[in-house]
Peer 1: 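The following block contains the structure, expressed as structure tokens.
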Protein chains: 2
Amino acid sequence: MSDLEPSWDFYRTFLTVMQEGSLSAAARQLGLTQPTIGRHIDALETSIGFQLFIRTPQGLMPTEAAVDLKPHAAKLASNAAALLRAATGHGPSSSVGVRGTVRISASEVIGIEVLPPILAALGEAQPDLIIELSLSDDVEDLLHQKADIAVRMAPPTQDALLVQRIGGIPIGLHAHRCYLEANGVPQSLEGLREHRFIAFDRENEFTRSLRKLMPFLNAVRPVLKADSNLAQLALIRAGCGIGVCQVEIGRRDPDLVHILQKELALNLQTFLVMHENLKTTPRCRITFDALVAGMSAYAGK
Amino acid sequence: MSDLEPSWDFYRTFLTVMQEGSLSAAARQLGLTQPTIGRHIDALETSIGFQLFIRTPQGLMPTEAAVDLKPHAAKLASNAAALLRAATGHGPSSSVGVRGTVRISASEVIGIEVLPPILAALGEAQPDLIIELSLSDDVEDLLHQKADIAVRMAPPTQDALLVQRIGGIPIGLHAHRCYLEANGVPQSLEGLREHRFIAFDRENEFTRSLRKLMPFLNAVRPVLKADSNLAQLALIRAGCGIGVCQVEIGRRDPDLVHILQKELALNLQTFLVMHENLKTTPRCRITFDALVAGMSAYAGK
DNA sequence: TATGGGCTATACTAAAATGTATGAGCGACC
DNA sequence: GGTCGCTCATACATTTTAGTATAGCCCATA
């Protein structure tokens with residue numbers, strides 16, 4: 001093993017190869033060429049003294065060691081991205097407000113149905129502010145600095161985080177007007193059994209708590225399953241059946257009908273979370289405050 | 001600003017320049033040359049679009065932006081080191097036991113007076129295990145993965161950490177035999193005022209809790225101050241006066257006398273801490289267990 | 001069986017990064 | 001005042017690295 005520390009760029013190459021699965025794909029991703037990527041991996045393997053990939057004509061197969069090292073490399077990538085994001089806040093400003101990039105993590109539904117108007121107003125007030133939206137349900141975004149601010153539906157467990165409780169976002173059963181005209185409006189929860197129900201594909205924390213609150217759901221035979229809340233919403237809008245979505249989203253769409261309002265009324269607890277380190281960073285603070293205000297107004301309706 | 005991501009090596013160069021204070025010093029540190037370092041900084045500045053350093057003939061003066069970016073770069077360096085440490089565990093093994101590098105953070109006194117015999121026995125049993133000792137009182141070592149295992153004198157507040165309480169290490173007042181022969185043995189805490197007392201240079205959490213427990217210490221006029229516990233110990237051993245050290249260390253040295261045993265008996269609470277992620281890593285687990293056993297035996301005496 | 005598209009590995013060439021040598025400025029010290 | 005130490009900046013030669021082109025392998029598909 002060489003005693004020289006390998007180039008940090010090799011770690012980036014290694015991570016990309018792990019993500020893409022082949023030297024050629026990694027080369028495309030990084031804007032380099034396949035021989036270069038191959039040389040980087042060769043150099044890294046020589047440097048650390050053991051093999052990272054088994055070469056096959058179909059691509060590369062990572063060794064056990066490579067799998068172990070991947071999370072470290074991923075953390076490096078997060079750090080590098082965070083550094084670059086922080087750097088965008090220091091350039092020469094073209095106006096009076098804050099500048100720089102803030103990365104927000106949120107669920108798909110929140111990011112697509114709720115945040116856009118809030119972010120539009122924020123962008124109006126802060127023209128030099130760049131917002132990155134990362135839509136996924138990953139919980140560990142903030143820990144690894146994959147995002148600066150996160151919208152969460154569960155209280156965060158980690159400390160050293162600045163947490164602002166937004167309040168409950170009401171959710172309920174919805175269906176398209178046309179669907180109800182064709183299939184009738186259920187008058188009770190038991191009546192749902194006669195309908196096409198849109199449910200979750202995979203179980204997660206949310207669905208489990210939902211089942212605990214509404215045991216009758218176990219009896220409902222779901223005829224449509226979708227993993228993404230966004231897809232569920234699209235299915236509801238397309239008149240495929242009855243499903244669960246945020247009440248406020250239903251109100252905005254004149255074709256959606258909120259059914260069994262009294263029988264099923266739930267609140268989705270919502271939190272805004274930010275690294276404590278960032279609370280003194282103007283662009284993050286301003287974005288955080290704008291999100292608190294916007295989300296609170298949304299939840300209060 | 002260029003839209004290409006800068007080389008990660010530039011971040012390493014940037015950090016080294018921040019730490020060393022000049023291009024030339026950073027070049028020596030990294031085994032490169034001063035023009036290369038200068039070009040790296042130039043390229044990084046071009047890439048992010050603003051200046052990081054103001055060049056002066058005495059060296060470089062970091063801009064505010066550079067100060068902001070430094071912690072990000074430091075985190076990058078910690079994680080790169082952690083990756084490299086993890087990599088050492090995968091090479092071809094020359095024997096049956098575990099292999100790889102484990103980095104231990106501890107205070108100077110613990111690291112020099114207590115750990116060596118424990119680590120010697122561990123090294124005997126695990127010849128391929130490489131131990132790195134990082135001796136300082138920094139608290140945030142584990143958070144940034146600057147170490148794998150830490151010996152702490154205060155209960156850690158962060159979660160996601162595996163904590164093992166060791167018990168109290170007794171500490172007490174000590175002096176060299178010769179000093180006591182020349183200056184007499186104090187018969188009470190008040191009598192300490194007549195003696196040369198070795199105290200802490202700067203206040204920290206430990207000294208504050210010490211003062212709270214023993215208010216009379218405020219009245220004692222310290223004639224010798226040292227920031228490092230290790231230096232204090234050396235002063236005690238050299239017969240400079242009376243100071244505080246671990247009872248077990250005093251017992252091992254036939255020339256040290258433990259005075260006012262009944263009047264002053266304190267226990268230093270001790271904890272072993274490790275990242276939860278590492279508990280399944282054999283080399284870390286084995287080292288952790290060896291430290292728990294060794295430290296418990298030490299504290300139990 | 002033939003063919004197209006995916007992959008890696010290898011020569012060879014072009015570009016980019018590094019090292020060397022040197023100049024110039026500032027401060028400490030004799 | 002001169003000299004030595006340190007610093008950064010610049011011009012030039014060299015080495016290193018990346019890109020290009022090509023060959024060989026495997027698999028899917030017509």
Side-chain angles (χ1 to χ4, degrees), chain A residues 1-48 50-63 65-67 69-70 73 80, chain B residues 1-48 50-67 69-70 73 76 80:
Chain A
M1 163 163 42
S2 166
D3 52 351
L4 267 78
E5 187 186 355
S7 164
W8 287 6
D9 285 340
F10 294 167
Y11 300 147
R12 170 169 57 183
T13 302
F14 163 71
L15 176 63
T16 311
V17 172
M18 285 294 282
Q19 289 169 337
E20 300 292 326
S22 80
L23 299 182
S24 310
R28 286 191 294 272
Q29 176 75 24
L30 290 172
L32 298 172
T33 57
Q34 170 259 320
T36 299
I37 304 297
R39 283 187 283 249
H40 281 187
I41 298 297
D42 285 345
L44 188 56
E45 287 178 334
T46 310
S47 187
I48 59 183
F50 54 90
Q51 210 173 10
L52 288 167
F53 296 97
I54 298 161
R55 273 77 166 173
T56 76
Q58 298 86 284
L60 299 193
M61 197 190 160
T63 63
V67 176
L69 295 187
K70 186 184 175 187
Chain B
M1 164 161 47
S2 164
D3 53 350
L4 266 78
E5 186 186 354
S7 164
W8 287 5
D9 286 339
F10 294 168
Y11 300 145
R12 171 169 55 184
T13 302
F14 162 71
L15 176 63
T16 311
V17 172
M18 286 294 283
Q19 290 169 337
E20 301 291 326
S22 80
L23 299 182
S24 310
R28 285 190 292 272
Q29 176 74 24
L30 289 172
L32 299 172
T33 57
Q34 170 259 320
T36 299
I37 304 298
R39 283 186 284 250
H40 281 186
I41 299 298
D42 284 345
L44 188 55
E45 287 178 335
T46 310
S47 187
I48 60 182
F50 54 90
Q51 212 173 10
L52 288 168
F53 297 97
I54 300 161
R55 272 77 164 173
T56 76
Q58 299 88 286
L60 298 193
M61 197 190 160
T63 64
E64 192 185 338
V67 176
L69 294 188
K70 185 184 176 188
L76 212 41

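Numbers restart at 1 for each chain; the letters A, B, ... are given by sequence-line order, proteins then strands. Since we're looking at a predicted model, the values are computed, not measured.
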Peer 1: Does A/R28 have a side-chain nitrogen or oxygen under 4.0 Å from the phosphate oxygens OP1 or OP2 of C/dC7?
Peer 2: yes
Peer 1: Taking C-beta and beyond as the side chain, do A/L69 and A/I48 meet within less than 4.5 Å on heavy atoms?
Peer 2: yes
Peer 1: Send over the distance from B/D42 CG to C/dA16 P, rounded to a whole Å.
Peer 2: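 Whole-Å distance recorded here is 17 Å.
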Peer 1: For the side chain of B/S24, starting at C-beta, report the closest nucleotide among D/dT7, C/dC7, D/dT10.
Peer 2: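 The answer is D/dT7.
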Peer 1: If you check the A/T33 side chain, which of C/dG19, D/dA9, D/dG19 turns out closest?
Peer 2: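 Of the options given, the side chain of A/T33 lies nearest D/dG19.
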Peer 1: Would you say B/T36 places a side-chain N or O within less than 4.0 Å of OP1 or OP2 belonging to C/dG19?
Peer 2: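 Answer yes for this pair, as a side-chain N or O of B/T36 is under 4.0 Å from OP1 or OP2.
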Peer 1: Measure from CD on B/Q34 to P on C/dA24 and round the result to the nearest Å.
Peer 2: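 Between P of C/dA24 and CD of B/Q34: 16 Å.
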Peer 1: Contact between B/T63 and B/E45 at the side-chain level, heavy atoms closer than 4.5 Å - yes or no?
Peer 2: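 No; the side chains remain at least 4.5 Å from each other.
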Peer 1: If I take atom CG in residue A/L60 and atom P in nucleotide D/dC25, what distance separates them, rounded to the nearest angstrom?
Peer 2: 18 Å
Peer 1: So do the side chains of A/W8 and B/L76 get within less than 4.5 Å of each other, counting heavy atoms only?
Peer 2: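 A side-chain contact exists here, since the closest heavy-atom pair is under 4.5 Å.
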Peer 1: Hey, which sits more toward the 5' end of DNA chain C by its nearest nucleotide, A/R39 or A/S22?
Peer 2: A/S22
Peer 1: Tell me the interatomic distance from B/I37, atom CD1, to C/dT18, atom P, rounded to whole angstroms.
Peer 2: 8 Å
Peer 1: If I take atom CD1 in residue A/I54 and atom P in nucleotide D/dC25, what distance separates them, rounded to the nearest angstrom?
Peer 2: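 Taking atom P of D/dC25 as the reference, CD1 of A/I54 is at 20 Å.
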Peer 1: According to a strict under-4.0 Å criterion, is A/H40 in side-chain N/O contact with OP1 or OP2 of D/dA18?
Peer 2: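 Checking D/dA18 against A/H40, a side-chain N or O does come within under 4.0 Å of OP1 or OP2.
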Peer 1: In whole Å, I'd like the distance from the CE atom of B/M61 to the C1' atom of C/dC26.
Peer 2: 17 Å
Peer 1: List in chain and number order the residues that pass side-chain hydrogen bond (donor to acceptor under 3.5 Å, both in side chains) with A/S7, two or more places apart in sequence or in another chain; answer none if no residue qualifies.
Peer 2: B/D9
Peer 1: What integer distance in Å separates A/F10:CZ from D/dT16:P?
Peer 2: 13 Å
Peer 1: What is the separation between atom CZ on A/R55 and atom C1' on C/dA9, rounded to the nearest whole Å?
Peer 2: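 So the CZ-C1' distance, A/R55 to C/dA9, works out to 10 Å.
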Peer 1: Nearest to the side chain of B/L32, which nucleotide is it out of C/dT20, C/dT18, D/dA21?
Peer 2: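 Selected nucleotide: C/dT18.
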Peer 1: The criterion is side-chain hydrogen bond (donor to acceptor under 3.5 Å, both in side chains); which residues satisfy it with A/E20, sequence neighbours excluded?
Peer 2: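 For A/E20 there are no side-chain hydrogen bond (donor to acceptor under 3.5 Å, both in side chains) partners, ignoring immediate neighbours.
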